[in-house]
Amino acid sequence: MSSFAGRMKEYPNMSLDRFDRENLHARAYFLSHCHKDHMKGLKGPLLKRKLKFSLTVKLYCSFVTKELLLSNPKYAFWEDHIVALELESPTLITLIDEASGEREELVVTLLPAGHCPGSVMFLVEGAQGTVLYTGDFRLAKGDSSRIELLHSGSRVKDIKSVYLDSTFYDPRFYQIPSRETCLHAIRGLVQDWISRSVYHTVWLNCKAAYGYEYLFTNLGNEFHTQIHVKSLDMFKKMPEILSHVTTDRATQIHACRHPKEEEFVRGSRLPCGSSASDGTPLKIISIKPSTIWFGERTQRTEVIVRTGASSYRACFSFHSSYSEIKDFLSYLQPINIYPSVIPIGRTHADVTEL
DNA sequence: GCGATCAGGT
DNA sequence: CACACCTGATCGC
């Protein structure tokens, strides 16, 4: 879980992914992606009040993050204060102190982070040097060399500091199977099950968070069926996702939720309450996306683990592995690295040493 | 009645 | 394992 307090040493007048406490005084806000642990204070009454009296304070994010954020009415008061930025398009942003009129100019670039829909990293270039705030990210080995705006001419930019998603920055999580490998394995398991009969149904036991959409679109394409989800509201302006999800319960692939979902599934009912129309019990398997990792010298490659008669865990990660992070850092060669996540049982000094 | 925090859950 | 939530209880205002 991110323990980043919201501010970078070089640019303390901007706040990123934290909106409480000291961040209430920021001149500009940045949201890397729409997960609650990066939105602390974002619906707070103090911030709401500050916006009422301010003409200059804005929240910068991607178009997709803006759409996901505003689909939740609790954040509707931000509407006129959000500036959605294009990806990979350097933008001049002037931070203004409303009391003194003091100005500070920055060039901010959104780089795709591969963590969930709309997720970005913020590249900030200004008088105090070039810094990269990664938010949460999953980039594969070699991806950083393909991000043009991390380069100047043929070489990588001089980066003073990286504020790093260090969730899996521990040799224990050396390798996590690639997105493609995991998708392929899940597709295989789904294929094997739903082809048996129309009563054979798959329940994708996904957490209540954005980040599984590419799984839905991939399975939707492969099996020419839509995935049942609770709500479509947040995707109404995202045709690629919208076309693969449905609120119609008559489908063999579900990703719906219910507080007593596990009991339901054990009793041949889906979390949405659906059972077969003619009274025949559904034959349900549950697939729970989970991060499965391997050590440096581990030869195992199982990306699907059977955990019961009709339950499986399938490898799925929102975050880069240790080796992926190492590749990222050794390519960028920043002067400073500030980890944003300290795993329990470790200290800040442990992670900094690594 | 509200938000913040914690316990306990998936 | 750790993640990103959720619900419900309790506390303080």
Side-chain angles (χ1 to χ4, degrees), chain A residues 1-4 17-21 23-24 31-49 65 68-69 71-75 77 113-119 135-138 165-177 179 182 203-213 215 229-231 234 254-267 270-272 284 286-296 298 300 302-303 305 307-308 311-322 324-325 339-346 351:
Chain A
M1 208 67 83
S2 181
S3 64
F4 181 65
D17 289 354
R18 281 297 288 265
F19 309 92
D20 58 346
R21 307 165 68 94
N23 300 300
L24 284 165
L31 178 62
S32 69
H33 64 288
C34 209
H35 277 166
K36 297 274 158 57
D37 59 325
H38 289 252
M39 294 160 64
K40 203 169 180 199
L42 194 57
K43 59 174 156 48
L46 292 169
L47 199 46
K48 194 168 177 172
R49 193 160 182 284
T65 294
L68 296 179
L69 182 67
S71 73
N72 184 339
K74 286 180 175 147
Y75 301 100
F77 70 89
H115 175 70
C116 71
S119 67
D136 283 353
F137 74 98
R138 181 152 197 208
D165 170 17
S166 50
T167 301
F168 291 136
Y169 199 63
D170 180 323
R172 198 169 140 64
F173 317 130
Y174 192 86
Q175 195 215 325
I176 295 169
R179 223 183 276 271
C182 298
W203 175 51
L204 303 169
N205 180 358
C206 300
K207 287 177 282 208
Y210 299 117
Y212 301 97
E213 292 73 14
L215 174 62
V229 295
K230 219 176 154 150
S231 166
M234 55 289 257
H254 290 248
C256 41
R257 311 298 312 268
H258 185 278
K260 294 190 173 171
E261 53 202 21
E262 313 241 291
E263 270 180 53
F264 276 47
V265 171
R266 278 195 294 274
L270 287 157
C272 56
I284 305 172
S286 74
I287 304 177
K288 184 177 196 156
S290 326
T291 309
I292 297 175
W293 57 77
F294 305 103
E296 189 168 4
T298 309
R300 291 184 307 150
E302 318 88 72
V303 294
V305 180
T307 53
S311 54
Y312 299 83
R313 282 188 305 130
C315 187
F316 197 93
S317 182
F318 291 174
H319 299 273
S320 279
S321 67
Y322 180 74
E324 286 168 337
I325 298 171
S340 66
V341 179
I342 310 302
I344 47 174
R346 285 196 186 272
V351 181

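Just so it is clear, the values below take in all heavy atoms, side chains as well, and ignore hydrogens, waters and symmetry mates. Below, chain A is the first sequence line, B the second, and so on; all start at residue 1.
For the pair A:Leu42 CG and C:dA4 P, the computed distance is 17 Å after rounding to whole Å. With rounding to whole Å, A:Trp203 atom CH2 is found 8 Å from B:dT10 atom C1'. Atom CG of A:Asp170 is separated from atom C1' of C:dC3 by 15 Å (rounded to the nearest Å). Residue A:Glu262 contributes atom CD, which lies 13 Å from atom P of B:dG9 at whole-angstrom precision. In this structure, A:Phe173 atom CZ and C:dA2 atom P are separated by 6 Å, rounded to whole Å. To the nearest angstrom, C1' of B:dG3 lies 16 Å from CE of A:Met39. Remark: P of B:dT10 and CZ of A:Arg266 are 9 Å apart, rounded to the nearest angstrom.
Partners of A:Tyr312 by ring-ring contact (aromatic ring centres under 6.0 Å, His included), not counting sequence neighbours: none found. By the salt bridge (Lys or Arg N to Asp or Glu O under 4.0 Å) test, A:Asp37 is found to be paired with no residue, residues two or more places apart in sequence or in another chain being considered. The side chain to side chain donor-acceptor pair (under 3.5 Å) test applied to A:Glu261 returns A:Arg257, not counting sequence neighbours. Residues meeting the side chain to side chain donor-acceptor pair (under 3.5 Å) test with A:Ser311, sequence neighbours left out: A:Thr307. Take A:Glu263 and apply the salt bridge (Lys or Arg N to Asp or Glu O under 4.0 Å) test, not counting sequence neighbours, and it matches no residue.
Checking C:dA2, C:dA4, C:dC1 against the side-chain heavy atoms of A:His319 singles out C:dA4 as nearest.
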Problem - Intermediate values then yes/no, side-chain hydrogen bond (donor to acceptor under 3.5 Å, both in side chains), A:Asp136 and A:His38 - result: CA-CA 9 Å; A:Asp136 283 353; A:His38 289 252; 3.1 Å; yes
Handout entry: Contact pattern, 5' to 3', of nucleotides 5-13 of chain C - B, S or - by protein heavy atom under 4.0 Å
Key = SS-------
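A sub-4.0 Å separation between OP1 or OP2 of C:dA4 and a side-chain N or O of A:His115 is present.
In this structure, A:Asp20 reaches neither bases nor backbone, as no heavy-atom distance under 4.0 Å exists between it and the strands shown. Residue A:His258 is out of contact with every strand shown, counting any heavy-atom pair closer than 4.0 Å.
When each of A:Phe318 and A:Thr291 is assigned the nucleotide of DNA chain C with its nearest heavy atom, A:Thr291 is the one assigned upstream, toward the 5' end.
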